[in-house]
Amino acid sequence: LLRPPVPRPLAGKRVLITAGPTHEPIDPVRYIANRSSGKQGFAIAAAAQAAGAEVILVSGPVELSDPQGVTVKHVESARQMLEQVQASLPADIAIFAAAVADWRVANEGEQKLKKTSAGMPPLQLVENPDILATISKLTDQRPPLVIGFAAETEHLIDNAKSKLARKGCDWIVANDVSPATGVMGGDRNTVHLISRKDSEIAVDSWPVMTKEQVAIELVAHVAKSVTDKSV
Ligand code: CTP
Ligand code: CA
């Protein structure tokens, strides 16, 4: 049987993706989490794999099965996620879709916290490392294309633009998670692709799409940018 050749615009490219929430332990039986399902990051991994890329997916705890043909590294906490991301470099393209917990518990209990007459245990929080900013600011092993996500409930474009500048990445996928639109964990996303080329910033607004469609569209943009650069 003769089949037309499948286009593989990302053949030979190594794509590193983060996905899902992180879990930050409070004690051996409890943790702080968020509502991320991991669906968007997993869909991007599948789309990049289908486009011919070698894909490494670093995922927090999710209820999804590993996409076929993708190397998946499962982690729990933000610090473990950073470690696995660093261990997966170099990469040609890095896409940070994970909803990394901003804080972890500083005084993590070695034993299960117990109710005592002294009242409720105080939870002290410390900031987690910013994986996207850390990788964007690398001098040696910075991937040539670094893409972040910004989930916002208000001032979407403005917040995303300042995130792009602050983190030092090349593109931001700004994701409207206000209750009226794309609520976290749902199947659809309302996104705007904000890109920076030198000092010029472009905003490309997409119609409401499923997470699979967003993934395919994003991978198509990545493929176009990679092809444009190599000619
Ligand atoms: N991110 C990350 N590591 C963190 C926090 C965020 O890699 N510790 C990444 C996310 O994966 C996403 C981007 O940074 O690609 C933006 O995440 P977001 O939570 O929107 O930004 P923050 O800088 O944490 O700001 P805030 O939550 O206050 O809006
Ligand atoms: Ca955050």
Side-chain angles (χ1 to χ4, degrees), residues 15-25 31-45 48 56-62 73-89 91 93-106 125-138 141-143 145-179 181-185 189-196 201 203 211 214-215 218-219 221-222:
V15 180
L16 172 59
I17 300 168
T18 67
T22 61
H23 285 182
E24 307 298 328
Y31 56 81
I32 296 175
N34 64 62
R35 293 189 196 282
S36 168
S37 66
K39 283 177 198 161
Q40 186 63 80
F42 273 56
I44 295 166
I56 300 97
L57 174 61
V58 182
S59 175
V62 293
K73 300 181 176 182
H74 292 278
V75 300
E76 300 238 329
S77 69
R79 285 189 293 178
Q80 290 166 354
M81 187 173 274
L82 174 61
E83 225 170 79
Q84 288 306 316
V85 163
Q86 286 169 326
S88 304
L89 294 173
I93 298 129
I95 305 174
F96 296 98
V100 183
D102 291 326
W103 305 282
R104 67 175 181 275
V105 177
L125 300 179
V126 288
E127 204 167 317
N128 266 328
D130 189 316
I131 302 168
L132 171 62
T134 305
I135 301 306
S136 294
K137 286 166 190 166
L138 287 177
Q141 285 199 308
R142 186 193 192 278
L145 180 58
V146 179
I147 306 171
F149 272 70
E152 308 286 351
T153 58
E154 57 177 1
H155 311 303
L156 178 67
I157 305 285
D158 281 348
N159 280 346
K161 278 184 181 167
S162 43
K163 235 165 231 179
L164 181 78
R166 196 168 66 238
K167 309 257 184 179
C169 56
D170 303 297
W171 300 358
I172 285 259
V173 181
N175 188 6
D176 190 342
V177 292
S178 60
T181 48
V183 192
M184 274 183 101
N189 267 350
T190 308
V191 310
H192 309 259
L193 181 64
I194 299 172
S195 52
R196 182 172 53 86
I201 297 190
V203 180
K211 290 182 177 179
V214 169
L218 182 63
V219 166
H221 275 75
V222 168

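Counting starts at 1 for both ligands and their atoms, following the listed order. Keep in mind the model is a prediction, meaning the values are calculated, not measured.
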In Å, rounded to the nearest 0.5 Å, how long is the span from CD1 of Ile95 to CD1 of Ile17? 5.0 Å
Per-atom filter on ligand 1: closer than 4.0 angstrom to a heavy atom of Arg166 are 23 (O)
In terms of ring plane angle, is the pair His23 and Tyr31 parallel, tilted or perpendicular, where the classes change at 30° and 60°? parallel
Assess whether atom CZ of Arg142 is packed by more than 12 heavy atoms of other residues, nucleotides or ligands within 6.0 Å. yes
With a cut-off of 4.0 Å, which atoms of ligand 1 are near a heavy atom of Ala150? 20 (O)
Near the Ca ion (ligand 2), which protein N/O/S atoms fall under 3.0 Å? Asp102 OD1, Asp102 OD2
Looking at ligand 1, would Lys167 count as a contact under a 4.0 Å heavy-atom criterion? yes
Does Ile32 offer a backbone N or O that forms a donor-acceptor pair with the side chain of Glu24 under 3.5 Å? no
Is it the case that ligand 1 has an N or O less than 3.5 angstrom from some N or O of Ala101? no
How many angstroms lie between CG in Leu218 and CG in Asn189, if you round to the nearest 0.5 Å? 11.0 Å
Assess Met81 for proximity to ligand 1: is some non-hydrogen atom of it under 4.0 Å away? no
Lys137 with Asp130: basic N within carboxylate O range, under 4.0 Å: no
The closest protein heavy-atom partner of atom 8 (N) of ligand 1 is Pro129 O, 2.8 Å
Among Lys163, Arg104, Glu127, the residue with a heavy atom nearest to atom 20 (O) of ligand 1 is Lys163
Say whether Thr18 and ligand 1 are in contact under the criterion: heavy-atom distance to a ligand atom below 4.0 Å. no
Report, in ascending order of atom number, the atoms of ligand 1 lying under 4.0 Å from any heavy atom of Ala151. 20 (O)
Return yes or no for this condition: an N or O of Val100 is under 3.5 Å from an N or O of ligand 1. no
Looking at side-chain heavy atoms only, is the closest gap between Lys73 and Ser88 below 4.5 Å? yes
Between Ser37 and Val62 the two heavy atoms that sit nearest each other are O-CG1, 3.4 Å
Quick one: which ligand 1 atoms are inside 4.0 Å of a heavy atom on Ala98? 10 (C), 11 (O)
Does an N or O anywhere in Ala97 fall below 3.5 Å from an N or O of ligand 1? no
Among protein heavy atoms, which sits nearest to atom 7 (O) of ligand 1, and what does the distance come to when rounded to 0.1 Å? Leu132 N, 2.8 Å
Quick one: CG on Asp102 to CG on Asn34, what's the gap to the nearest 0.5 Å? 9.0 Å
Which residue supplies the protein heavy atom nearest to atom 28 (O) of ligand 1, what is that atom called, and how far is it? Asp102 OD2, 4.4 Å
When rounded to the nearest 0.5 angstrom, what is the spacing between NZ in Lys167 and CD1 in Ile131? 9.5 Å
Gap separating the OG atom of Ser195 from the CG atom of Asp170, nearest 0.5 angstrom: 9.5 Å
So is Ala78 in contact with ligand 1, going by heavy-atom distances below 4.0 Å? no
Whether Asn175 side chain and Val191 backbone form a donor-acceptor pair below 3.5 Å: no
Heavy atom of the protein closest to atom 16 (C) of ligand 1 (residue, atom name, distance): Phe149 O, 2.8 Å
Report yes or no: does Glu152 contribute a side-chain atom to a donor-acceptor pair with the main-chain N or O of Ile157 at less than 3.5 Å? no
N/O to N/O below 3.5 Å, does that happen between Phe96 and ligand 1? yes
For the student: nearest non-hydrogen atoms of Arg104 and Asn128, plus distance: NH1-OD1, 3.0 Å
Can you pull out the closest protein heavy atom to atom 1 (N) of ligand 1? Residue, atom name and distance to 0.1 Å, please. Asp130 OD1, 3.9 Å
Do any nitrogen or oxygen atoms of Gly148 lie less than 3.5 angstrom from nitrogen or oxygen atoms of ligand 1? no
Give the intermediate values and the outcome of side chain to side chain contact (heavy atoms under 4.5 Å, CB included) for residues Ile147 and Val222. CA-CA 10 Å; Ile147 306 171; Val222 168; 3.7 Å; yes
Would you confirm whether Arg196, through its side chain, and Ile201, through its main-chain N or O, come within 3.5 Å as a donor-acceptor pair? no
Which one of Ile131, Val173, Val177 has a non-hydrogen atom at the shortest distance from atom 2 (C) of ligand 1? Ile131
Does Cys169 reach ligand 1, in the sense of a heavy atom lying below 4.0 Å from it? no
